[in-house]
> 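If you scroll down you'll find the structure; I have some questions about it.
Throughout, residue positions are numbered sequentially from 1 according to the sequence presented.
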Amino acid sequence: MSPLRRDTYQRLGGAGLHNASRLARHVLCAALLASVSHTVCAFTVAIAPAAPKTVYLQVGVGGFTGHYNAGGTPGNNATVNKESVTVAAAAVGNATAQAMTTDSTVGASSYDGFAFCNVPAQLYIGGFYRTTTAGGGSVNVTATVPAALVDAGGDTLSFARISWTTGGNGDSGSEPFPAGSFSAGAVQTVGTITQNQWAESCWTFSYSNTTLPAAGTYTGRVLYTLTAP
């Protein structure tokens with residue numbers, strides 16, 4: 001049996017539910033779907049304003065000590081995780097999307113330790129935006145995307161051929177970090193965190209496999225950034 005996430009605060013159409021287990025959240029969410037068209041059933045948590053003003057973003061392995069709901073503290077981590085796929089020679093360019101996997105070993109939420117993502121198929125992304133006072137603002141998480149992945153011989157493969165779906169264990173509905181695809185050579189918004197909120201999702205990446213690139217190992221790095229005013 002999967003563990004239940006406890007002491008959560010789910011925003012549903014502007015109202016909150018406190019001290020509900022993940023199962024109870026599902027029941028209530030289903031009951032409200034007919035009357036609340038913008039119900040959000042993904043995992044976002046209202047957190048109390050506190051000093052100092054803080055932002056935290058974790059993609060894959062993070063630097064959180066403990067869990068946020070138990071007084072844990074954020075920190076820095078220099079780990080750069082990889083998403084990768086090896087396409088069999090007979091399948092190259094056949095337009096069958098290829099599932100990518102991560103080398104991150106982190107599937108648990110840094111908010112409360114819940115087993116949220118399934119590694120290596122999914123990559124955890126989460127964080128918070130906390131201010132010293134209440135308010136209705138929000139901040140965006142952006143991805144700085146190179147134009148292409150490059151192999152040792154200088155051959156290129158557009159980053160636009162990589163996309164992702166989103167959703168963690170027990171989630172449904174809209175996600176704070178929604179599904180999408182990379183915009184090659186651009187800075188794009190990949191998610192939003194509301195003021196005084198914890199938000200998290202699990203991404204599943206895939207490669208479109210619609211071209212016939214030269215044989216090789218193609219690499220590139222995307223930089224994710226959370227900036228608050």
Side-chain angles (χ1 to χ4, degrees), residues 42 55-64 76-107 110 116-127 129 138-168 171 174-193 199-229:
V55 292
Y56 174 75
L57 177 65
Q58 176 178 338
V59 183
V61 175
F64 217 91
N76 294 320
N77 190 311
T79 300
V80 177
N81 287 120
K82 293 185 294 183
E83 286 281 337
S84 60
V85 63
T86 299
V87 183
V92 173
N94 69 2
T96 298
Q98 304 290 302
M100 303 179 73
T101 57
T102 180
D103 64 353
S104 170
T105 58
V106 174
S110 288
F116 190 50
C117 303
N118 302 304
V119 294
Q122 294 180 312
L123 180 71
Y124 175 88
I125 177 169
Y129 169 38
S138 64
V139 292
N140 289 332
V141 175
T142 61
T144 302
V145 186
L149 300 100
V150 184
D151 71 1
D155 303 302
T156 61
L157 191 61
S158 174
F159 254 99
R161 303 195 181 281
I162 299 176
S163 60
W164 61 92
T165 58
T166 185
D171 273 1
S174 301
E175 292 281 341
F177 302 99
S181 59
F182 286 127
S183 298
V187 177
Q188 64 185 104
T189 298
V190 295
T192 302
I193 304 178
E200 58 187 29
S201 296
C202 302
W203 281 344
T204 303
F205 287 87
S206 65
Y207 164 61
S208 64
N209 192 32
T210 55
T211 61
L212 292 169
T217 300
Y218 294 77
T219 62
R221 181 181 295 186
V222 174
L223 175 66
Y224 295 94
T225 305
L226 170 59
T227 304

> Counting N and O atoms only, with roles assigned by atom type, does the side chain of E175 sit under 3.5 Å from a partner on the main chain of G191, one being a donor and the other an acceptor?
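Pair absent, no side-chain N/O of E175 close to backbone of G191.
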> If you take all heavy atoms of A215 and D151, which pair is closest and at what distance?
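Here A215 and D151 meet closest at O-OD2, 3.8 Å.
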> If you apply the rule side chain to side chain contact (heavy atoms under 4.5 Å, CB included), what do you find for I162 with L149, and how did you get there?
CA-CA 10 Å; I162 299 176; L149 300 100; 4.1 Å; yes
> How close do A160 and A184 get, heavy atom to heavy atom, and via which atoms?
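Closest heavy-atom pair between A160 and A184: N-CB, 4.1 Å.
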> In Å and rounded to the nearest 0.5 Å, what is the CG to CG distance from N118 to L123?
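Reported value, rounded in 0.5 Å steps: 12.5 Å.
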> Mind checking side chain to side chain donor-acceptor pair (under 3.5 Å) for D155 and listing every partner two or more places apart, or none if nothing turns up?
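None.
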> Could you check whether any side-chain N or O of N209 sits under 3.5 Å from a backbone N or O of G93, counting only pairs where one atom can act as donor and the other as acceptor?
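Yes: the side chain of N209 pairs with the backbone of G93.
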> Sequence neighbours excluded, which residues qualify as side chain to side chain donor-acceptor pair (under 3.5 Å) partners of S138?
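In terms of side chain to side chain donor-acceptor pair (under 3.5 Å), with neighbours along the sequence ignored, S138 is linked to no residue.
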> Can you name the residues that form a side chain to side chain donor-acceptor pair (under 3.5 Å) with N81, not counting sequence neighbours?
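N81 satisfies side chain to side chain donor-acceptor pair (under 3.5 Å) with D103 once adjacent residues are dropped.
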> For N77 and T79, test the side chains for any donor-to-acceptor distance below 3.5 angstrom and give the result as yes or no.
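Yes, side-chain donor-acceptor contact under 3.5 Å.
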> Write down the atom of G63, the atom of Y56, and the distance for their closest heavy-atom approach.
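For G63 versus Y56, the nearest heavy atoms are N-OH, 3.3 Å.
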> Kindly write out the residues that satisfy side chain to side chain contact (heavy atoms under 4.5 Å, CB included) with V150, not counting sequence neighbours, or none if the list is empty.
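In terms of side chain to side chain contact (heavy atoms under 4.5 Å, CB included), with neighbours along the sequence ignored, V150 is linked to T156.
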> Hey, does S201 have a side-chain heavy atom less than 4.5 Å from the side chain of I125?
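Counting from C-beta outward, I125 and S201 do come under 4.5 Å.
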> Which residue pairs satisfy the disulfide (SG to SG under 2.5 Å) criterion with at least one member in residues 200-229, sequence neighbours excluded?
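Applying disulfide (SG to SG under 2.5 Å) to every pair that reaches into residues 200-229, excluding sequence neighbours, yields C117-C202.
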> Could you give the distance from OG1 (T192) to OH (Y129), rounded to the nearest 0.5 Å?
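The OG1 atom of T192 sits 12.0 Å away from the OH atom of Y129.
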> Give the minimum heavy-atom separation between P229 and V139, together with the two atoms involved.
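Here P229 and V139 meet closest at CD-CG1, 3.9 Å.
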> Which residues pass the side chain to side chain contact (heavy atoms under 4.5 Å, CB included) test with S208, not counting sequence neighbours?
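Result, side chain to side chain contact (heavy atoms under 4.5 Å, CB included) vs S208: R161, T210.
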> Do F177 and I193 come within less than 4.5 Å of each other through their side chains, counting heavy atoms only?
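Yes, close enough: below the 4.5 Å cut-off.
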> With sequence neighbours excluded, give me every ring pair (Phe, Tyr, Trp, His ring centres under 6.0 Å) pair touching residues 141-165.
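For residues 141-165: F159-F182, W164-F182, W164-W203, W164-F205.
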> Starting at OG1 of T101, measure out to CD of Q122 and round the result to the nearest 0.5 Å.
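With rounding to 0.5 Å, OG1 (T101) is 12.5 Å from CD (Q122).
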> Mind checking side chain to side chain donor-acceptor pair (under 3.5 Å) for E83 and listing every partner two or more places apart, or none if nothing turns up?
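None.
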> Which pairs count as side chain to side chain donor-acceptor pair (under 3.5 Å) when at least one residue sits in residues 215-229, sequence neighbours excluded?
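Residue pairs passing side chain to side chain donor-acceptor pair (under 3.5 Å), neighbours aside: none found.
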> Measure across A228 and V55 and return the closest heavy-atom pair with its distance rounded to 0.1 Å.
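Distance-wise, the nearest heavy atoms are CB-CG1, 3.5 Å.
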> Restricting to side chain to side chain contact (heavy atoms under 4.5 Å, CB included), what partner residues turn up for T96, sequence neighbours left out?
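Partners of T96 by the side chain to side chain contact (heavy atoms under 4.5 Å, CB included) criterion, ordered by chain and then number, come out as N94, Q98.
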> Please identify each residue that fulfils side chain to side chain contact (heavy atoms under 4.5 Å, CB included) with T144, with sequence neighbours left out.
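Checked T144 against side chain to side chain contact (heavy atoms under 4.5 Å, CB included); matches are V187, L223.
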> Report the C-alpha distance between F116 and D171 in whole Å, list the side-chain angles of each, state the deciding distance to 0.1 Å, and finish with yes or no for side chain to side chain contact (heavy atoms under 4.5 Å, CB included).
CA-CA 9 Å; F116 190 50; D171 273 1; 3.1 Å; yes
> So which atom in S181 and which in Q188 form the shortest heavy-atom distance, rounded to 0.1 Å?
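The answer is O-NE2, 3.1 Å.
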